[in-house]
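No experiment lies behind these values; they were computed from the predicted model shown. Side-chain atoms are counted along with the backbone in the values below, which use heavy atoms only and exclude waters and symmetry mates.
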Amino acid sequence: MNNDYILSSYDQKQFRDWLDLNINNITWEGRYGEEFNAFWEGLFCADVSPSDQIDKIEKAVLLVSSGPIISWFNWLKSKYLCYLYIFKNFTLLELSQTTSESPKSLAVTLRDFFVERYPHMEERFNVYFQVSHVTCDKINLSFEDIVSELGISKEILGTIEDDILKNLEVTLYKDWALLKEKISLNNSRLEESIKNIKKKTTVKKQVRFIQELLVLFIIGGFFIVAVKFGNEWYEKKLVKEITLFEPNFFWLDKGLNYQVEDPLSEKGIKLSHKELDELEKLESNKIFETNVEARRYDVESDVVLTSLDTLPKNFTSADLEKSIYEENRKGGYRDVRYGGRRAYRVMMTSESPNQTKLRLINLLKKYNVKQVDNVKPGTEIPGGIYFNLHVPRKVLKEFLSNVSSVRESRILESKTVFGGPRGTSKVFIWIKQI
């Protein structure tokens, strides 16, 4: 196909029919039908080459500023390229040479067109229209080659039913009045009109840019001056409000002198003989009163009695009786600075102390743990249960780990001078009832 190919009036009419435009919507229910037909004849005139037709569509884009109309013209351009490829049996290379479009952009346009109609063949079309360089063998592929290889129909409409741009009401936009007058001009006059529009647009943009720049400078300068004076005013305000605490001797009244005043100099104390004798007796009694007994006040506390059998039989000897909770040898768990041995206290709380007690007794049997003194491990006292134990050092770490796993507990370590049997450590366990 040579570059001197000319499109006739039949070709232009065939392209319009192939697009299947919704003229009713585009012309706003037919109100602008004549204007649109005149516009179309001016844009797609007869006896024009494909390159000139594409150039005319691109120049029409420069005449408008509305985004939807620009999109509509670009849509017309892509459809016109697809029309030439399908109906004029151009190869990709010939179409590129005829329209002055790059092969890569043409391949992308055609690929999108065919995939939109045959989405299940997307991978095949990706292969056919993958053009990486001019010497690629796919660049000589025509529409008839695709039809014969893929078996698709030759009857392909330019638009599909849900295509938005074929229903766009372009006649309602503000650029339409200018567009329908300028588009009918020939290429030379159209190009001159575009240059005039660009010149006016460029001057307007430059003036507007300068105006915006001046406004920004004025606003910025006002802001800087406002910040400067605002800071100075605030500094003065802070200086007035801040007071330093320092000695100030200027408020003293130097006219006043300090005078010593003796209260006994002016007023004498007069006492009778009887009153003096009574004062002497009181002083002599206080001086020789040496048999003052020291009194001890103990804090009273409430003791909960578990049963009446716990009351002593003889209250005169109650202080001499020993409680069943009392150890023969006390202490050994408080931290001592010079202690050479270690003692451990395990503090835990439980809402069911008896169950916790049973689990701990099983651990005592497992690790062969012995009681420290005369109180049996697991003895219940008011407020909880306690264990006083000797644990072998070999299993001490494992024993404390298992004890802490029975209930959430807190382990305290202290130095002590009290030791137990050789190879053991003292461990005190306290179960507090919640």
Side-chain angles (χ1 to χ4, degrees), residues 1 3-23 26-27 32 35-88 90 92 94-110 112-113 116 157-159 163-171 173-198 201:
M1 186 70 66
N3 295 338
D4 299 330
Y5 185 82
I6 302 299
L7 296 170
S8 64
S9 58
Y10 172 78
D11 295 329
Q12 304 290 42
K13 182 178 183 304
Q14 186 185 26
F15 171 66
R16 179 172 176 175
D17 296 338
W18 180 70
L19 279 181
D20 191 24
L21 297 173
N22 191 344
I23 302 299
I26 291 177
T27 59
Y32 298 101
E35 290 86 345
F36 181 77
N37 292 331
F39 156 77
W40 190 269
E41 291 177 0
L43 180 62
F44 296 97
C45 56
D47 302 328
V48 64
S49 64
S51 59
D52 290 339
Q53 184 61 65
I54 296 299
D55 187 54
K56 197 168 187 178
I57 296 174
E58 291 177 348
K59 289 177 179 178
V61 175
L62 301 176
L63 293 174
V64 296
S65 59
S66 297
I69 299 185
I70 294 175
S71 300
W72 189 69
F73 276 121
N74 291 329
W75 175 77
L76 280 180
K77 176 184 174 182
S78 63
K79 294 298 181 183
Y80 202 83
L81 294 172
C82 294
Y83 164 77
L84 293 175
Y85 183 76
I86 294 172
F87 287 92
K88 303 307 173 183
F90 283 104
L92 197 59
E94 292 173 345
L95 185 61
S96 173
Q97 293 173 351
T98 303
T99 59
S100 301
E101 295 287 327
S102 66
K104 290 184 179 180
S105 63
L106 286 174
V108 173
T109 301
L110 294 172
D112 294 340
F113 178 82
E116 190 177 25
L157 285 177
T159 56
D163 200 331
I164 298 175
L165 292 176
K166 79 172 186 176
N167 303 311
L168 184 65
E169 297 175 343
V170 292
T171 56
Y173 288 92
K174 62 180 182 179
D175 294 334
W176 181 254
L178 174 64
L179 187 63
K180 68 181 182 180
E181 295 177 2
K182 299 293 184 181
I183 203 64
S184 60
L185 302 175
N186 55 33
N187 279 354
S188 59
R189 294 180 62 190
L190 181 61
E191 188 172 354
E192 184 180 355
S193 178
I194 291 172
K195 289 182 179 179
N196 293 333
I197 293 173
K198 283 185 175 180
T201 305

Any heavy-atom pair between the side chains of [Y] and [X] that's under 4.5 Å?
| X | Y | result |
| --- | --- | --- |
| Tyr85 | Thr99 | no |
| Phe113 | Ile86 | yes |
| Asp55 | Lys59 | yes |
| Trp75 | Leu168 | no |
| Leu19 | Leu76 | yes |
| Tyr83 | Asp11 | yes |
| Gln12 | Trp40 | no |
| Cys45 | Lys56 | yes |

Answer yes or no: are there more than 12 heavy-atom neighbours, outside Tyr32 itself, under 6.0 Å from its atom OH?
no

Applied to residues 99-110, the salt bridge (charged side-chain N to carboxylate O under 4.0 Å, His left out) test, sequence neighbours excluded, yields Lys77-Glu101

Once you measure the plane-to-plane angle for Tyr80 and Phe44, does it fall in the parallel (<30°), tilted (30-60°) or perpendicular (>60°) bin?
parallel

Do the ring planes of Phe87 and Trp18 sit parallel (below 30°), tilted (30 to 60°) or perpendicular (above 60°)?
perpendicular

I'd like to check the side chain to side chain contact (heavy atoms under 4.5 Å, CB included) partners of Ile26; sequence neighbours left out, ordered by chain and number.
Leu21, Phe36, Val170

